[in-house]
Amino acid sequence: MPVIVDVMMACFIFCVLAMLLKDLEHVAPTYWSQDTIAGRIGGVIRRLAGDLTLWILGAQITLLASLSVVTVYIHKLDAWSDGAIQFVTLFALVFVISSVVFSVISVWVRKKTSLVTSHEKFLKIFDTGWKVLGFYVGLMAFTVIAAGP
């Protein structure tokens with residue numbers, strides 16, 4: 001379980017980087033458009049992040065199917081214990097929540113519009129690259145604090 005959570009956290013960080021680069025492309029097209037080297041590198045990162053989210057979702061669906069088989073097997077053997085119940089509940093909870101999160105991230109990484117600058121009100125607030133960078137650094141800090149050790 002710790003390895004799975006670490007892989008999902010690394011994928012999440014990669015996807016946040018991809019969304020940051022997409023927002024920078026909209027806010028500062030002089031430096032980050034697809035005509036520049038930085039913009040092309042950002043495009044590659046966005047493409048890889050989009051594919052990675054699909055792979056993660058596929059793996060999660062496979063693991064949830066495996067969990068279903070294990071649950072049926074435990075039920076058939078009538079081997080429910082407190083440890084088994086806690087394991088199945090925690091495993092299902094982590095993967096259902098992360099599946100929802102990665103589904104939303106997958107859509108946002110693949111969309112043509114960006115996350116922060118796609119709304120006019122947000123575009124007025126985040127009108128420079130530094131402000132966009134600050135938003136994403138804050139998002140990452142919140143995520144790291146919320147995930148905890």
Note to self: Just by distance, no angles: are the side chains of Glu25 and Ser33 close enough, under 3.5 Å, to form a donor-acceptor pair?
What the structure shows: no
Item checked: Leu52 CG to Trp55 CH2 distance, which is reported to the nearest 0.5 Å -> 6.5 Å
Next item on the list: Any chance you could measure Phe91, atom CZ, to Ser66, atom OG, to the nearest 0.5 Å?
Entry: 7.5 Å
Next item on the list: Supply the atom-to-atom distance Asp6 CG to Cys11 SG, rounded to the nearest 0.5 angstrom.
Entry: 13.0 Å
Checklist line | Side chain to side chain, Ile13 and Leu17, heavy atoms closer than 4.5 Å | finding: no
Check: With hydrophobic residues grouped by side-chain heavy-atom distances under 4.5 Å, do Tyr73 and Leu63 end up in a single group?
Finding: no
Note to self: Would you compute the distance between atom OG1 of Thr53 and atom CZ of Phe14 and round it to the nearest 0.5 angstrom?
What the structure shows: 10.5 Å
Next item on the list: Side-chain contact test, heavy atoms from C-beta onward, threshold under 4.5 Å: evaluate it for Phe102 versus Leu54 and give yes or no.
Entry: no
Margin query: With a 4.5 Å cut-off on side-chain heavy atoms, are Phe95 and Leu67 touching?
Written below: no
Check: Okay, side chain of Lys22, backbone of Lys111: is any donor-acceptor separation there less than 3.5 Å?
Finding: yes
Check: Would a 4.5 Å heavy-atom cut-off, applied to side chains only, mark Thr36 and Tyr31 as touching?
Finding: no
Next item on the list: Using a 4.5 Å cut-off on heavy atoms from C-beta on, say whether the side chain of Val116 contacts that of Leu123.
Entry: no
Note to self: Once you measure the plane-to-plane angle for Phe126 and Phe122, does it fall in the parallel (<30°), tilted (30-60°) or perpendicular (>60°) bin?
What the structure shows: tilted
Next item on the list: Take Asp23 and Lys131 through the salt bridge (charged side-chain N to carboxylate O under 4.0 Å, His left out) test and state the conclusion after the steps.
Entry: CA-CA 11 Å; Asp23 275 319; Lys131 290 179 182 178; over 6 Å; no
Notebook entry, point to check: How far apart are the closest heavy atoms of Leu57 and Ser106, and which atoms are they?
Noted result: CD1-CB, 4.4 Å
Item checked: Trp32 reachable from Trp130 in the ILVMFWY side-chain graph, under 4.5 Å edges -> yes
Note to self: Are Val101 and Phe142 linked, directly or through intermediate hydrophobic residues, by side-chain heavy-atom contacts shorter than 4.5 Å (ILVMFWY only)?
What the structure shows: no
Checklist line | Val96-Leu90 co-clustered via ILVMFWY side chain contacts under 4.5 Å | finding: no
Margin query: Any heavy-atom pair between the side chains of Gln60 and Met8 that's under 4.5 Å?
Written below: yes
Notebook entry, point to check: Is the side chain of Arg40 donor-acceptor paired with the backbone N or O of Gln34 at a distance under 3.5 Å, no angle test?
Noted result: yes
Margin query: With rounding to the nearest 0.5 angstrom, report the SG to CD1 distance, Cys15 to Ile105.
Written below: 5.5 Å
Note to self: Just so I know, are the side chains of His26 and Val132 near enough to count as touching, which here means a heavy-atom distance under 4.5 Å?
What the structure shows: no
Check: If you take all heavy atoms of Gly129 and Val27, which pair is closest and at what distance?
Finding: N-CG1, 3.6 Å
Item checked: Minimum heavy-atom distance between Val109 and Met19, given as atom pair plus value -> CG2-CG, 3.9 Å
Notebook entry, point to check: Do Leu21 and Val107 belong to the same hydrophobic cluster, where Ile, Leu, Val, Met, Phe, Trp and Tyr are linked whenever their side-chain heavy atoms lie under 4.5 Å apart, directly or via other members?
Noted result: no
Note to self: Assess the residue pair Phe135 and Ile125 against the criterion (side chain to side chain contact (heavy atoms under 4.5 Å, CB included)); give the C-alpha distance rounded to whole Å, side-chain angles, the decisive distance to 0.1 Å, and a yes or no.
What the structure shows: CA-CA 10 Å; Phe135 170 79; Ile125 296 170; over 6 Å; no
Notebook entry, point to check: What distance do Ser103 atom OG and Ile56 atom CD1 have between them, rounded to the nearest 0.5 Å?
Noted result: 12.0 Å
